[in-house]
Amino acid sequence: MMASREASGGSTDIVGGAQAPPTMSRPASAVTTPRRTPRRWREIAVFVGPALVVFSAFVIVPVVLAGYVSFFTWDGGGDLGSFVGLDNYIKVLQDTVFIGAMKNNAFVVVMSLLLQGPVALAIALLMNRKLRFRAGFRAMIFVPYVLSEVVAGAMWRLIFDQRGILNSLMVQWGIFDTPQDAIGWLSSTTLAMWTVVFVLTWKYMGLAIILFLAGLQGVPEDLVEAAQIDGASWWQVQRRITIPLLGPTIRVWMFLSIIGSIQLFDMARLLTNNGAPFDTTFTMAMFVIDRAVTNRQYGYATAAAVVLFVISMAAALVFMRFVMRRDNETVGKGAV
Amino acid sequence: MTALDTRRRSAPTTGRKLSDVGAVAYCVAILAAGFAIVPVVYIMYSALRTNGQLAASPVGLPRPLVWSNYSQVLGSGDFWKMLFASTVIALATTVGVVLLGVMAAYPLARYEFPGREALYTYFTAGLLFPITVAALPLYLILLQLRLPGTPWGLVLPQVAFQLPVTIVILRPFVRAIPRELEEAAAIDGAGRFQFFFRILLRLTMPALVTVGVLAFVGSWNAYLLPLLVVQGSDWTTLPLGVARFQSDHSQDTALILAFLSLAMLPAIVFFTLMERKIVSGLSGAVKG
């Protein structure tokens, strides 16, 4: 299937090249009579073709294929194994580790919105003025976001590990006798997910602040000044004018946050050493990759991936439809 | 009206009690910035200490400075090899995304042809698919093409997954170029291709930089796809290296600190310079 796509893409290219140089033959016609000429279609094919081939081969075909291979016992080799119908899906939805992973993702979604949103908004509102070193502050606040999740996860694991930096520090301060007695930030089944949420907050708070600050640039100063002249307090101005006008930006951030939380993988995998303790910090994406790479249950893992996709798609559509509806009306057709 | 104008002018934005709000603003900014960078700074300077010093006093200052951790990482061929792999793959991804993206955006923005909107929707559908969903079947396809373990096995899928965002961001920019320019170019004898390469690429350069930076960041930080495609090969990238290094040297905290610091340094320098581009790209991508 893919070979034929490549071939058709290539052949249009060759035909286009075999033509006389298009610049010489009919210079003005390209603009004035913009229709129906075969040459036009060749131009379109040459411009769009490569992107279309690459996108189809490496995004659309795999996604469609995902639906197909999730019905097989595929073990990661070239052969798909035997057809098992909906078995993989039934097993996934009864798998306690996957159900736990779904709950963990839900926890991350809720906590990200509740912790990062209000705090980032408050910080952005307070910082939204002419500050010295403003660019410097922005750059520093943005640093955690630009680090890769892997680096962030590895870094915080050194800090939160049982014998890590934080526990050593608590021993040094005399709170505990040895690191083993100290707090199991990542080894306690009740605490580990909170530690994940904390690191996520550290990593993504800056993005929220910077997005909000950028959105605040769009709030007209006249409005704020007029309200101040009318005697509105700082808080009244924020509450009645600034925050409502920031609405679209807040909703964009919420969207990014929800989708990102549902697909959480890199950071959690590194931080929790792949779901420890006892698989309690698994996320859905970690489940997918672990079952594939570690257990070589590629068919089973693909079924879990499809479930993950359906959940994330449903969340995106619901959010777009009910929360971002107003914004999309003004912004335009809405790409998604 | 005039009275109001003068009053407005005489009440500057930083007037009255706002000065103490100003102090609060500085405190908040310092706290937020500190929260963000203290762990990073801590990691970087702690790598200048020995394991013994770290154990005795976890947050002590490096005194005297111990360069051996950094020099040990920099002296090993592995780090440079991974840095090279990450750089080559990120650059190739960026060039691929920008070139294919702007080429596709051109007819989608400026040609009238039946099926244009359907084609655009087809590309934007890619925004809905997280790489997790496609990763495993993608691996199957890469196996057939014998691409795992090669840079192409990573670059081609990364380009493909970045194309939707790129096209969504670029289309309005390409459309905004005045038609008169295209007509003038045509009258001067320039064909579509000359117009594209000589004029359009230059006029859309700011937007191309934005999508390029987004593609570079995505590739540089990627973990999931490299884990499947180039893990253990000659093209192991830095994020994979960080993960492996941490498990290989779990007893040598100081060395891990040095490796982490060196792995994050290029990203911090480059991406903070590009902060505005990244932010505008992100919000542009969602708003469509």
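The sequence lines fix the lettering, A, B, ..., with proteins before strands; numbering per chain opens at 1. Computed from a predicted model, the values in this text were never measured in an experiment.
Contact between A/Ala285 and A/Leu264 at its shortest, heavy atoms only, is CB-O, 3.6 Å. Shortest non-hydrogen contact noted between B/Phe123 and A/Phe55 is O-CZ, 3.5 Å. Nearest heavy-atom pair, A/Leu131 versus B/Ala29, reported as atom, atom and distance to 0.1 Å: CD1-CB, 4.1 Å.
Interface remark: A/Arg132 contributes backbone and side-chain atoms alike to the contact with chain B (heavy atom separation under 4.5 Å). B/Leu54 does not touch chain A: none of its heavy atoms, backbone or side chain, sits under 4.5 Å away. Residue B/Val217 does not touch chain A at all, counting heavy-atom pairs closer than 4.5 Å. With a threshold of 4.5 angstrom between heavy atoms, A/Ile262 does not approach chain B through any atom at all. Heavy-atom distances place the side chain of A/Leu80, and not its backbone, under 4.5 Å from chain B. For A/Trp253, no part lies under 4.5 angstrom from a heavy atom of chain B. Within the 4.5 angstrom heavy-atom criterion, only side-chain atoms of A/Val293, from C-beta onward, approach chain B. Contacts of A/Ile289 with chain B are made by side-chain atoms alone, with heavy-atom separations under 4.5 Å and no backbone atom involved. Neither the backbone nor the side chain of B/Gln231 comes within contact range of chain A, judged by heavy atoms closer than 4.5 Å. Using a 4.5 Å cut-off between heavy atoms, A/Ala292 contacts chain B through its side chain alone, with no backbone atom that close. Residue contact with chain B, scored on non-hydrogen atoms closer than 4.5 Å, involves the backbone and the side chain of A/Arg138 alike. Residue contact with chain B, scored on non-hydrogen atoms closer than 4.5 Å, involves the backbone and the side chain of A/Met155 alike. Looking at A/Leu147, the atoms closer than 4.5 Å to chain B (heavy atoms on both sides) sit in the backbone and in the side chain alike. When heavy atoms are compared at a cutoff of 4.5 Å, B/Ile43 approaches chain A solely by way of its side chain, counted from C-beta outward. The contact between A/Ala214 and chain B is made entirely by side chain atoms (from C-beta outward), counting heavy-atom distances below 4.5 Å. If you measure heavy-atom distances from B/Leu99 to chain A, you find no contacts under 4.5 Å at all.
Top candidate by heavy-atom pairs under 4.5 Å with chain B, chosen from A/Met205, A/Met127, A/Lys203, A/Arg134, is A/Met127. Taking B/Thr253, B/Asp188, B/Leu228, B/Ile30 one by one and counting their heavy-atom pairs under 4.5 Å with chain A, the maximum is reached by B/Ile30. Of the listed residues (B/Tyr42, B/Tyr111, B/Tyr106, B/Phe161), the greatest number of heavy-atom pairs within a distance under 4.5 Å of chain A belongs to B/Tyr111. When A/Trp156, A/Phe265, A/Tyr68 are compared by the number of non-hydrogen pairs under 4.5 Å with chain B, A/Phe265 comes out ahead. Here B/Phe196 is the residue among B/Trp220, B/Tyr139, B/Phe196, B/Phe270 with the most heavy-atom pairs under 4.5 Å with chain A. Put simply, of B/Leu143, B/Ile268, B/Leu119, B/Leu224, the one with the most heavy-atom pairs under 4.5 Å next to chain A is B/Leu224. Here B/Ala104 is the residue among B/Ala263, B/Ala243, B/Gly34, B/Ala104 with the most heavy-atom pairs under 4.5 Å with chain A. Per-residue heavy-atom pair counts under 4.5 Å with chain A were compared for B/Pro114, B/Ala185, B/Ser247, and the maximum is reached by B/Pro114.
Put simply, the side chain of B/Thr124 does not reach to within 4.5 Å of the side chain of B/Ile167, judged on heavy atoms. Considering only heavy atoms from C-beta on, A/Met286 comes within 4.5 Å of A/Asn274 through its side chain. Between B/Leu136 and A/Val69 there is no side-chain heavy-atom pair separated by less than 4.5 Å. Residues B/Leu200 and B/Val102 are in side-chain contact: their nearest non-hydrogen atoms beyond the backbone lie under 4.5 Å apart. A 4.5 Å side-chain heavy-atom check between A/Val119 and A/Thr201 finds every atom pair outside the cut-off.
Atoms CE and CG, from B/Met103 and B/Leu170 in turn, are 13.0 Å apart once rounded to the nearest 0.5 Å. In this structure, CG on B/Leu147 lies 9.5 Å from CG on B/Leu138, to the nearest 0.5 angstrom. Atom OH in A/Tyr298 sits 10.0 Å away from atom CG in B/Leu140 (nearest 0.5 Å).
Within the cation-pi definition used here (under 6.0 Å to the ring centroid, within 45° of the axis), B/Arg110 does not qualify as a partner of B/Phe195.
The pair B/Arg171-B/Glu117 counts as a salt bridge, with a side-chain nitrogen and a carboxylate oxygen less than 4.0 angstrom apart.
Aromatic ring orientation, A/Phe133 versus A/Phe137: perpendicular (interplanar angle above 60°, classes split at 30° and 60°).
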